[in-house]
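One-based numbering, in listed order, for ligands and for the atoms of each. Keep in mind the model is a prediction, meaning the values are calculated, not measured.
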Amino acid sequence: ASESSESNIISRFQQFLQIKTNHPTPNYTQSSDFLTSQAKSLSLHSQTIELVPGKPLVLLKWTGTSPELPAIMLYSHTDVVPAEQDKWDHPPFEAHVDSEGRIYARGSQDMKCVGMQYLEAVRKLKQWGFQPKRTIYLAFAPDEEIGGHDGAEKFSLSRVFQDLNVGIVLDEGLPSLDDHYRAFYAERSPWWLVIKAVGIPGHGAKLYDNSAMENLLKSIESIRRYRASQSDLIKAGLKAVGEVVSINTVFLKSGTPSPTGFVMNLQPSEAEAGFDIRVPPTADTESLERRIAEEWAPTWRNMSFIFKQKMYGRDASGKPAVTKTDSSNPWWALLENAVQEAGGKLGKPEIFPASTDARYFRSLGFPAIGFSPIANTPDLLHDHNEYLHKDEYLKGIKIYESIIKAYASYDEHGKDERSKDEL
Ligand SMILES: CSCC[C@H](NC=O)C(=O)O
Ligand SMILES: [Zn+2]
Ligand SMILES: [Zn+2]
């Protein structure tokens with residue numbers, strides 16, 4: 001009973017939050033040890049898989065009574081983005097609970113909450129003597145925040161994963177400001193674009209055409225007009241955030257350095273800018289590629305471009321990698337009902353505006369739903385003062401108890417038998 005007291009549940013969450021798994025040097029050893037010890041206390045089979053040295057993935061297993069049925073994958077990433085300690089009201093790795101009950105920590109929303117909530121829900125279900133029909137896997141993966149190439153990507157392609165016979169993947173979502181939980185069936189693809197202009201260098205007092213700066217700024221003007229057109233669609237209520245192309249300038253690089261800053265009377269011969277572009281699954285990628293080549297980095301304006309990251313978010317057959325939300329996907333309705341049974345409400349399915357590890361599973365044809373049970377909370381992912389209220393965290397555990405129960409008990413064969421009897 002003391003294991004499941006509220007203060008112990010919160011203290012386990014705090015312990016996980018206190019492990020510094022922030023980039024660029026995440027302490028994966030400590031997080032793996034912690035998760036393995038949690039698994040032991042829950043009598044879950046545990047395995048640490050190092051597909052890349054120093055980047056362990058912890059895989060836990062609760063074997064079902066019908067292990068031949070496709071399994072449930074409860075997925076989370078253990079790494080977190082860096083935090084600027086001095087800009088926080090409470091240190092980002094202290095997991096301080098303020099007088100209101102807010103737990104402040106990097107990872108409290110993204111997404112150590114979810115990983116621990118899976119574990120706490122399993123703890124409760126085990127205490128009640130619940131027996132899953134389907135096998136349940138809990139995967140705690142590294143590397144998500146830097147692209148997932150050494151985490152989810154390698155894992156999804158590994159023999160280990162292929163042999164798990166996974167039927168559904170649950171991964172992270174986003175907080176909502178009202179009392180509806182958000183759920184995501186797809187996500188935008190990241191295109192990280194760097195454009196470079198070269199041009200005639202010259203005296204800072206001369207008004208001539210075709211300098212690198214002028215060449216680059218013309219592109220930036222065009223990019224900003226396009227950005228505004230996309231942003232206006234959202235402001236007018238015509239499109240959701242995940243349904244437009246977003247493009248944001250993330251760096252500008254040029255100038256001739258001097259001991260006091262930059263040389264002020266010299267027009268440089270090179271200039272560069274970087275953009276984080278996110279492309280919806282059904283966007284016309286060819287026309288966007290044309291726009292980049294012909295308007296944003298045209299060779300006739302002495303420009304070139306490279307992609308630091310470019311994914312298409314398609315499956316093997318070339319179709320957008322999206323998870324179905326209609327009756328062809330039983331997992332969606334099961335999620336909706338399970339959330340409702342636990343006293344929650346699910347909003348309408350959305351496209352995740354950024355990227356998650358779910359894309360690697362979707363592109364292989366696995367259904368994957370992005371869901372974090374965080375309602376009535378501002379979205380503070382990657383922000384200062386990321387927090388989660390302890391009551392919201394505890395409510396989320398109840399939500400997962402309900403989801404895991406429904407998912408692990410779902411037996412499509414059983415349903416077929418029943419309908420045959422009814423005939
Ligand atoms: C493109 S890989 C980076 C993944 C990262 N995920 C969460 O923020 C993102 O920027 O969306
Ligand atoms: Zn995340
Ligand atoms: Zn993140």
Pick from Ser189, Gly147, Ala354, Gly148: the one approaching atom 2 (S) of ligand 1 most closely through a non-hydrogen atom: Gly147
Side-chain ion pair, [X] and [Y], N-O less than 4.0 Å:
| X | Y | result |
| --- | --- | --- |
| Arg123 | Glu401 | no |
| Asp315 | Arg362 | no |
| Arg224 | Glu221 | no |
| Glu295 | Arg290 | no |

Could you check whether Lys61 makes a cation-pi contact with Tyr137, meaning its NZ or CZ is under 6.0 Å from the centre of the six-membered ring and within 45° of the ring axis? no
Less than 3.5 Å apart, any donor N or O on the side chain of Ser222 or Lys218 sitting next to an acceptor on the other? no
Looking only at side chains, do Asn210 and Asn215 share a donor and an acceptor under 3.5 Å apart? yes
4.0 Å heavy-atom contact, Glu187 with ligand 1: no
Yes or no: does Met311 have any heavy atom under 4.0 Å from an atom of ligand 1? no
Within ligand 1, which atoms have a heavy atom of Glu145 less than 4.0 Å away? 6 (N), 7 (C), 8 (O)
For ligand 1, which atoms have a heavy atom of Pro190 less than 4.0 angstrom away? 1 (C)
How far is atom 8 (O) of ligand 1 from the closest protein heavy atom, and which atom is that? His382 CE1, 3.0 Å
Atom 3 (C) of ligand 1 - nearest protein heavy atom and its distance: Trp192 CH2, 3.9 Å
If you measure from each non-hydrogen atom of Glu144 to ligand 1, which part falls under 4.0 Å: side chain, backbone, both or neither? both
What part of Arg359, side chain from CB on, backbone N/CA/C/O, both or neither, has a heavy atom under 4.0 Å from ligand 1? side chain
Heteroatom distance test (Arg278, ligand 1): nitrogen or oxygen, under 3.5 angstrom: yes
Check this for me - ligand 1, Ser355, N or O atoms closer than 3.5 angstrom, yes or no? yes
Please note down the angle at the Zn ion (ligand 3) between OE1 of Glu145 and OD2 of Asp110, to the nearest 10°. 150°
Flag the pair Trp191 / Phe275 as yes when their ring centroid distance falls below 6.0 Å, and as no otherwise. no
Hey, do the aromatic rings of Tyr75 and Phe361 have their centres closer than 6.0 Å? yes
The Zn ion (ligand 3) to nearest N/O/S of His77 less than 2.8 Å: no
Check Glu172 and report its N/O/S atom nearest to the Zn ion (ligand 2), by atom name. OE1
